[in-house]
Amino acid sequence: MTIAIPNPKKTLGRVRASLSGTLKLADDPYRRLMFLIVIMTISRIHQNFRFLNPLRPALTVTLLAAMYAYLNPKFLVDGPLTRTWPGKTIAGLFLAACLSVPFGISIGGSGKFILDEYIKTIVFGFLVIAAIRNTRDLYSMMWSFVIACGALSYLSLFVFKMQKASDDGLLRIQNGYSYDANDIATVAVTGLALALLMVQVCRGKGKVVAIAVVVGLGATIAKTGSRGGFLGLMVFGLALLLMLKTVPLAKRIIFLVVTALALIIAAPQGYWDQMLTIMSPTKDYNWTAPTGRKEVFKRGIGYMMRNPVTGIGIDNFPRAEGTLSERAIAQAADPSLAGIKWSVAHNSYLESATEMGVPGLILFCTLVFGGIFGISKLRRSLPSAWVTGTQEERFLFYASLYLPVAFAAFSASSFFVSFEYRDLLYCLGAFAAGLIVCIEQKLKAQASGGSAGNVAMAPTVRVLAPSSGPSLRFPQPPKPSVPPS
């Protein structure tokens, strides 16, 4: 009687093929370029090397990535970039911005801002979406974001100078290249969630790097002295406790304790006194001064009511402050009065509503809160077995937990900064779009009878990470068996 013994090499090949990859960092040219672009865009690390300024490294690498994508479409995600709701929302925001131009108070100013600044943000968002074809690509792009946050922490702790602010005397970061202290705090609070994702799913060097980034971000938030960042951190902690029920409570508490210890140790003198002023908002200059946030917000609502459908035009809030406000009109009538500060909105929601009207505000909120509730709803539809399944399944499951936390942190801290047209939100939106695509692929593969779901409970074997970055583990193939004679 003939005994058929399965070939172990072929068996291993079938198991590997059944997985969507071993979740190593993607190493094709387009993903490498996008890895660099995310790091430079989020951290601004390239601005620390001034000799590179004439080369405009961020723009150069972005153009290379766009050219490579155009010449090699097979390396891009299948289907249109607007197939998911985040992609549609990003496109909608760009459309709203363009429609605001002809109805704004400065057509030239708005048009110039779109061509010089906002178009870069939109292209960046869609380039990231195009880069995420599968789980390995999503893993790589999220790691690039975490590395970017680590680079920003390095700059904040060892490069950016601490100075006393003229209004409160607190020693804090005053100049972070194209970021101010509140901007840095917003990026740091948002980045904490994805850094903790990598702590959750990685092993070995990857986990060590992720823990270092978490500690660095906690210290960075303290160095900024930002009250908006502190409130964002509180929302982040609350979201971590309430939204990550699958993660053991003890682990969630440890995450918060590590972050809090880093913040406490790095807090400059006067930091806690500054944070305590949050409890007495009516005594703060932001409440009482004509240039404080309260009065700026009230004036912003008035600007929006001038044209609630299309707004006053993208990037026109400062111009409205200098030309349309009551203070500006009074100063124009009496030049002896003090000059008018052409202030930004200092609030992403107000900026959206004022400059792009109610439709712009709705689209902005759709991207932010859709990232919280939409991804959370998607996570509830995932098989519970993914929590203890293959490393790919575990990564997708935990990404659907931690990404909403990142959006929640951004939703709070962005209330105190003008981040409507910055890259951070569009990067998160691209991650949400990529996560939706990856989960759809995985569920479809399992529904079609693929073997990926059948090896979820198999023993695992460690795979060493390549030199390009950390990796996860994949299941060991079943041992060949000899049928009875």
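The two atoms that bring Gly229 and Ala185 nearest to each other are CA-CB, 3.7 Å, heavy atoms only. Listed here is the closest heavy atom pair of Met40 and Pro57: CE-O, 3.8 Å. Taking every heavy atom of both residues into account, Ala69 and Tyr30 meet most closely at CB-CE1, 3.8 Å. When all heavy atoms are compared, the tightest approach of Asn286 to Arg227 is ND2-NH2, 3.4 Å. Nearest heavy atom pair, residue Trp85 against residue Thr366, reads CZ3-O, 3.6 Å. When all heavy atoms are compared, the tightest approach of Ala266 to Ala222 is C-CB, 3.9 Å.
Rounding to the nearest 0.5 angstrom, the gap separating the CG atom in Leu363 from the CD1 atom in Ile90 is 11.0 Å. We find the OG1-OH distance between Thr277 and Tyr285 to be 9.5 Å, quoted to the nearest 0.5 Å. Rounding to the nearest 0.5 Å gives a distance of 11.5 Å between CZ of Arg319 and CD of Glu355. Put simply, CD on Gln274 and CZ on Arg172 are 6.0 Å apart, with the number rounded to the nearest 0.5 Å. The CG atom of Leu93 sits 9.0 Å away from the OH atom of Tyr421 when rounded to the nearest 0.5 Å. With rounding to the nearest 0.5 Å, the separation of CG in Leu36 from NE2 in His46 is 11.5 Å.
With Arg32 contributing its side chain and Ala26 its backbone, the two residues share no donor-acceptor pair below 3.5 Å. The backbone N or O of Leu76 sits nowhere less than 3.5 Å from a side-chain atom of Arg133 that would complete a donor-acceptor pair. Put simply, the side chain of Lys207 never gets that close to the backbone of Gln200: no donor and acceptor are under 3.5 Å apart. Counting only distance, with no hydrogens or angles, the side chain of Thr354 and the backbone of Tyr303 share no donor-acceptor pair below 3.5 Å. Side-chain N or O atoms of Ser100 include one that pairs as donor or acceptor with a backbone N or O of Ala97 at under 3.5 Å. Thr135 contributes no side-chain N or O that, together with a main-chain N or O of Phe395, makes up a donor-acceptor pair within less than 3.5 Å. Using modelled atom types, one side-chain atom of Arg136 and one backbone atom of Lys24 make a donor-acceptor pair closer than 3.5 Å. With hydrogens and angles ignored, the 3.5 Å screen pairs no side-chain donor or acceptor of Lys223 with any backbone N or O of Ala219. Here the side chain of Asn134 pairs a donor or acceptor atom with the backbone of Asp137 at under 3.5 angstrom. Of the possible donor and acceptor atoms, one in the side chain of Arg252 sits under 3.5 Å from a partner among the backbone N and O of Val247.
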> Given the rule in the side-chain contact (heavy atoms from CB on, under 4.5 Å) test, do Phe410 and Leu425 qualify, once you have shown the distances and angles that lead to the verdict?
Replying inline: CA-CA 8 Å; Phe410 177 85; Leu425 175 61; 3.8 Å; yes

> Under the ring pair (Phe, Tyr, Trp, His ring centres under 6.0 Å) criterion, do Phe75 and Tyr68 qualify, and how do the steps go?
Replying inline: CA-CA 9 Å; Phe75 288 101; Tyr68 189 87; 5.8 Å; yes

>> Test side-chain contact (heavy atoms from CB on, under 4.5 Å) on Phe397 and Glu393; report intermediate values, then the result.
In response: CA-CA 6 Å; Phe397 185 89; Glu393 292 167 349; over 6 Å; no

> How far apart are the C-alpha atoms of Arg44 and Ser178, what are their side-chain angles, what is the distance that settles it, and do they pass the side chain to side chain donor-acceptor pair (under 3.5 Å) test?
Replying inline: CA-CA 8 Å; Arg44 309 294 202 265; Ser178 53; 2.7 Å; yes

>> Run Glu117 and Asp315 through side-chain contact (heavy atoms from CB on, under 4.5 Å) and show every step you take.
In response: CA-CA 10 Å; Glu117 301 296 335; Asp315 197 44; over 6 Å; no

> side-chain contact (heavy atoms from CB on, under 4.5 Å) between Leu403 and Phe407: does it pass, once the steps are laid out?
Replying inline: CA-CA 6 Å; Leu403 189 56; Phe407 274 104; 3.9 Å; yes

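Within 6.0 Å of CE on Met67 lie no more than 12 heavy atoms contributed by other residues, nucleotides or ligands. Counting heavy atoms of neighbouring residues, nucleotides and ligands inside a 6.0 Å radius, atom CG of Asp78 does not exceed 12 of them.
A donor-acceptor contact closer than 3.5 angstrom is absent between the side chains of Arg422 and Thr121. Side chain to side chain, Ser140 and Arg31 fail the donor-acceptor criterion of an N or O pair below 3.5 Å. With no hydrogens or angles considered, no side-chain donor-acceptor pair links Asp180 and Asn182 at under 3.5 Å. A donor and an acceptor atom, one from each side chain of Ser352 and Glu420, are located under 3.5 Å apart.
At a threshold of 4.5 Å between non-hydrogen side-chain atoms, the residues Ser418 and Val344 count as touching. Counting only heavy atoms from C-beta outward, the side chains of Leu256 and Leu241 approach each other to under 4.5 Å. Taking 4.5 Å as the limit, every side-chain heavy atom of Leu152 sits out of range of all side-chain heavy atoms of Ile42. Residues Leu401 and Met243 are not in side-chain contact: their nearest non-hydrogen atoms beyond the backbone lie 4.5 Å or more apart. In this structure, the side chains of Phe160 and Asn175 stay at 4.5 Å or more apart for every pair of heavy atoms. Using a 4.5 Å heavy-atom cutoff, the side chains of Ser381 and Lys377 are not in contact. You'll find the side chain of Phe124 stays beyond 4.5 Å of the side chain of Thr62, heavy atoms only. By the 4.5 Å heavy-atom criterion applied to side chains, Phe236 and Leu196 are counted as neighbours.
Note: Tyr118 and Phe113 have parallel aromatic rings, judged against thresholds of 30 and 60 degrees for the angle between ring planes. Using a 30° and 60° split on the angle between ring planes, Tyr349 and Phe415 fall in the tilted class, from 30° to 60°. Below 30°, between 30° and 60°, or above 60°: for Tyr398 and Tyr402 the angle between ring planes is between 30° and 60°, a tilted geometry. Relative orientation of the Tyr179 and Phe419 rings is parallel, given thresholds of 30° and 60° on the angle between their planes. Using cut-offs of 30° and 60° on the angle between ring planes, the pair Phe158 and Tyr154 is tilted.
Not counting sequence neighbours, the partners of Lys298 by the salt bridge (Lys or Arg N to Asp or Glu O under 4.0 Å) test are Glu295. In terms of the side chain to side chain donor-acceptor pair (under 3.5 Å) criterion, residue partners of Thr220 (sequence neighbours excluded) are, by chain and number, Ser153.
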